[in-house]
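Computed from a predicted model, the values in this text were never measured in an experiment. Quick note: numbers below take in every heavy atom, side chains included, and nothing from hydrogens, waters or symmetry partners.
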Amino acid sequence: MTRAFADGQATEVPARSPLGLASDLRNPREVHSANGRFRLDLTMKQSRIELPYARPNLRLYEGEIPGPTFRVAPGDDMEITLHNDMPPNDDPSPAILNTPNEFSTTNLHFHGFHVSPKGNSDNVYLQIHPGESFNYVVRLPEDHPAGNYWYHPHRHGSVALQVASGCGGMMVVTGTLDEVAEVAAAIERVLVFQCPVVDPKAEDLESYDTIWSLDAERYWLVNGEYHPRIYMRTGEVQHWRLLNAGDQQFLPMKLDGLDLYEIGFDGNPYPEARQTDEIFIAPGNRMNLMVKAIEPGSYMLMRPAFTQGKTQIDEALMAEVIVLPPGTDRIAPEVKMGTELPKGPLPKNKVLTDITDEEIVRTRQIVLGVSDEKGMFKDTVFTLNGDPFDPNRDDIVAKLGQAEEWELVNTTPFPHPIHVHVNPMQVIKINGEPLAHPQWQDTIAVPAAGTVTLRMRFTDFDGRFVMHCHILPHEDLGMMLNVAIQA
């Protein structure tokens, strides 16, 4: 049942299977804007969670894995009061910059949103301490791109541990792909992939050593469920919104036996549906995927074994997809069933037009590095252009209304998913090779010892924001810089 909040500024939809089956994977609980307003109290707290492999005490929004999905529209006003109900920090003071610290201090980031980075909007320089509350007000432009986004903590020094706890949730800005007839006819699934990391020697996640190793044991959850079942009907097409909300592992995935068509990435539509045999989402990435069931049977959504940088990552079962036979009576006849894939050109987010050579006023090179430094965590710092993060330094200064081209040069043996706040970027080259279809993204995986070239317009909003690696221990240990946009 949908529930309206008392102030009439949001409605709530409970977690539920879109097919109405008790054994089917549930979509997360949702909160929708109403009458152009989205108003929510969001509490971050330590919660005892029953998992198949442990009973840990984790830092979570509302005690849920994942947090509720926010569904809003371009032009909406969002007001979220974040309450920090976590226990006090017991760090020695002051904290050392670019080391893990103050695991109970937090803030809130609206990943991928094109909104103001200042004041009480998407301001990741804020620090909300235990016992404090803070009122965020985020105003989406009338022409804000529709698509998949997400929210999570972004307090430097504690972000990796908090996201590794399972703290985060999907945000959907409605429009564009939602208006394609074949997409609208399909059952929609929100699939949030997370891997809460637990300490086998303790009930609480309080040690950074627990999450530091890339191959530390991670049990992947989908919408908080371990090895869930996803049901489809023979001949059915479903629309899946996928989010990698993990702290550092990439997710290359296979789903053999079903037809897969990508229709968008990081919230932005592709020019047309593209058939694929692999799903690939780096930490922070989102994907729109159309999935068509061909024959009855059981099919495994797998992450095959692969190498991330120098580390061998084991194979993992993510979910089982069960395709029911034709004429099944397990699903009520009134439950809609799409059967067609999108044909022809897909609609664009109109504000995202190609950035031409003539628009570029400056080119920059940003070098991704890592170095040894005694006294830092694991004697390691990660750097951009040779320096670890300093919140008081403006690393890039640009002008509002202009466009620039950046080349990201990775000098490390690890891939780095680089996320730029506020303004979406158009990726035009990978390893020097021009892309056939330059793609709008907000997080791009820079290959190990490779390069990515991107373009960006600085529109609508001045102020300071950051770019950083979304392998979050790399961010906490310094791989972040400040961008200052001057009006």
Pairs in or reaching into residues 101-117: which pass salt bridge (charged side-chain N to carboxylate O under 4.0 Å, His left out), with residues at least two apart or in two chains? E102-R155

I need the E62 CD to C167 SG distance, nearest 0.5 Å. 10.0 Å

Indicate yes or no for a side-chain donor-acceptor contact from S104 to the backbone of N89 under 3.5 Å, with no hydrogens or angles considered. no

Determine whether the aromatic ring centres of residues H154 and H419 are separated by less than 6.0 angstrom. no

Is it true that the NZ or CZ of R59 lies under 6.0 Å from the centre of F103's six-membered ring and within 45 degrees of the ring axis? no

Working for salt bridge (charged side-chain N to carboxylate O under 4.0 Å, His left out), residues R139 and D460: CA-CA 12 Å; R139 293 185 168 89; D460 299 320; over 6 Å; no

Identify which one of N385, T453, T451, V409 satisfies the side chain to side chain contact (heavy atoms under 4.5 Å, CB included) criterion when paired with Q365. V409

Picking from N223, L242, T69, what satisfies side chain to side chain contact (heavy atoms under 4.5 Å, CB included) with M170? T69

Measure across P283 and G246 and return the closest heavy-atom pair with its distance rounded to 0.1 Å. CB-O, 4.1 Å

Under 4.0 Å between a Lys/Arg side-chain N and an Asp/Glu carboxylate O for D442 and R286? yes

Is there a side-chain contact (heavy atoms from CB on, under 4.5 Å) between L126 and Y136? Walk through the geometry before answering. CA-CA 11 Å; L126 295 168; Y136 285 87; 4.0 Å; yes

Look at K118 together with D462 and state whether they make a salt bridge at an N to O cut-off of under 4.0 Å. yes

Criterion ring-ring contact (aromatic ring centres under 6.0 Å, His included) against F250, the qualifying member of F280, F193, F414: F280

Just so I know, are the side chains of I418 and C469 near enough to count as touching, which here means a heavy-atom distance under 4.5 Å? yes

Could you go through T411 and V367, starting from their C-alpha distance and side-chain angles, then the distance that decides it, and tell me whether this counts as side-chain contact (heavy atoms from CB on, under 4.5 Å)? CA-CA 7 Å; T411 64; V367 178; 3.6 Å; yes

No-hydrogen, no-angle side-chain donor-acceptor test under 3.5 Å, T43 and D85: no

d(L481 CG, I366 CD1) to nearest 0.5 Å is 6.0 Å

Between the side chain of S165 and the main-chain N/O of L161, is any donor-acceptor distance below 3.5 Å? yes

State the CD-OG1 distance between E132 and T106, to the nearest 0.5 angstrom. 11.5 Å

Residue pair N148 / N288, side-chain donor-acceptor N/O under 3.5 Å: yes

Under the salt bridge (charged side-chain N to carboxylate O under 4.0 Å, His left out) rule, what do R455 and D354 come out as? Steps first, then yes or no, please. CA-CA 9 Å; R455 291 176 171 179; D354 287 346; over 6 Å; no

For Y61 and Y151, I'd like to know if the aromatic rings sit close, meaning centre-to-centre distance below 6.0 Å. yes

So do Q194 and L243 actually touch side chain to side chain, heavy atoms under 4.5 Å? no

What's the shortest heavy-atom distance between A54 and V198, and which atoms? CB-CG2, 4.0 Å

Is there a side-chain contact between L408 and N410, using heavy atoms and a 4.5 Å cut-off? no

Pairs involving residues 242-260, ordered by first then second residue, that meet side-chain hydrogen bond (donor to acceptor under 3.5 Å, both in side chains) (sequence neighbours left out): R218-D247, W220-Q249, Q249-R303

Show me the pairs that pass salt bridge (charged side-chain N to carboxylate O under 4.0 Å, His left out) and involve residues 362-373, at least two apart or across chains. R364-E404

Does one side chain, of Q312 or D215, offer a donor that lies under 3.5 Å from an acceptor on the other? no

Is N101 reaching over with its side chain to a backbone N or O of T99, donor-acceptor style, under 3.5 angstrom? yes

Should the heavy atoms of other residues, nucleotides or ligands under 6.0 Å from CG of N135 be counted, would the total exceed 12? yes

Go through the side-chain N and O atoms of N98 and H156 and say whether any donor and acceptor fall under 3.5 Å apart. yes

Are side-chain heavy atoms of I471 and Q308 found at a separation under 4.5 Å? yes

So how far is it from M86 CE to L60 CG, rounded to the nearest 0.5 Å? 10.0 Å

The test is side-chain contact (heavy atoms from CB on, under 4.5 Å); show your working for L251 and I279 and say whether it passes. CA-CA 8 Å; L251 284 181; I279 301 162; over 6 Å; no

What one should report as the nearest heavy-atom pair of L477 and T380 is CD2-O, 3.8 Å

Would you check if P74 and L140 make a side-chain contact, meaning some heavy-atom pair closer than 4.5 Å? no

Worked check of side-chain contact (heavy atoms from CB on, under 4.5 Å) between I313 and T311: CA-CA 6 Å; I313 308 294; T311 305; 3.9 Å; yes

When rounded to the nearest 0.5 Å, the distance separating NE2 of H152 from CG of N107 is 9.5 Å

Presence of salt bridge, K350 and D143, under 4.0 angstrom: no

With N268 as reference, evaluate K348, Q441, Q439 under the side chain to side chain contact (heavy atoms under 4.5 Å, CB included) test and give the passing residue. Q439

State the CZ-CG distance between F377 and D476, to the nearest 0.5 angstrom. 10.0 Å

Minimum side-chain heavy-atom gap P473-Y208 below 4.5 Å: yes

Heavy atoms only: give me the nearest S47-G63 pair and the separation to one decimal. OG-CA, 3.2 Å

Donor-acceptor contact present, side-chain D266 to main-chain T443, <3.5 Å: yes

Side chains of P269 and I263: does their closest heavy-atom pair fall under 4.5 Å? no

Ring center gap for H474 and H468 short of 6.0 angstrom: no

Is it the case that more than 12 heavy atoms not belonging to I96 sit under 6.0 Å from its CD1 atom? no

So which heavy atom on V351 is nearest to which on P145, and how close? CG1-CG, 3.8 Å

Tell me, do M290 and K292 make a side-chain contact under 4.5 Å, heavy atoms counted? no

Would you name the heavy atoms of A146 and T174 that are closest together and state the gap between them? CB-O, 3.4 Å

Positive for ring-ring contact (aromatic ring centres under 6.0 Å, His included) with H114, one of F465, F458, F461: F461

Hey, is the main chain of E188 close enough, under 3.5 Å, to the side chain of N27 for a donor-acceptor pair? yes

R241/D178 ion pair, N-O < 4.0 Å: yes

Q162 side-chain N/O to T105 backbone N/O, donor-acceptor pair under 3.5 Å: yes

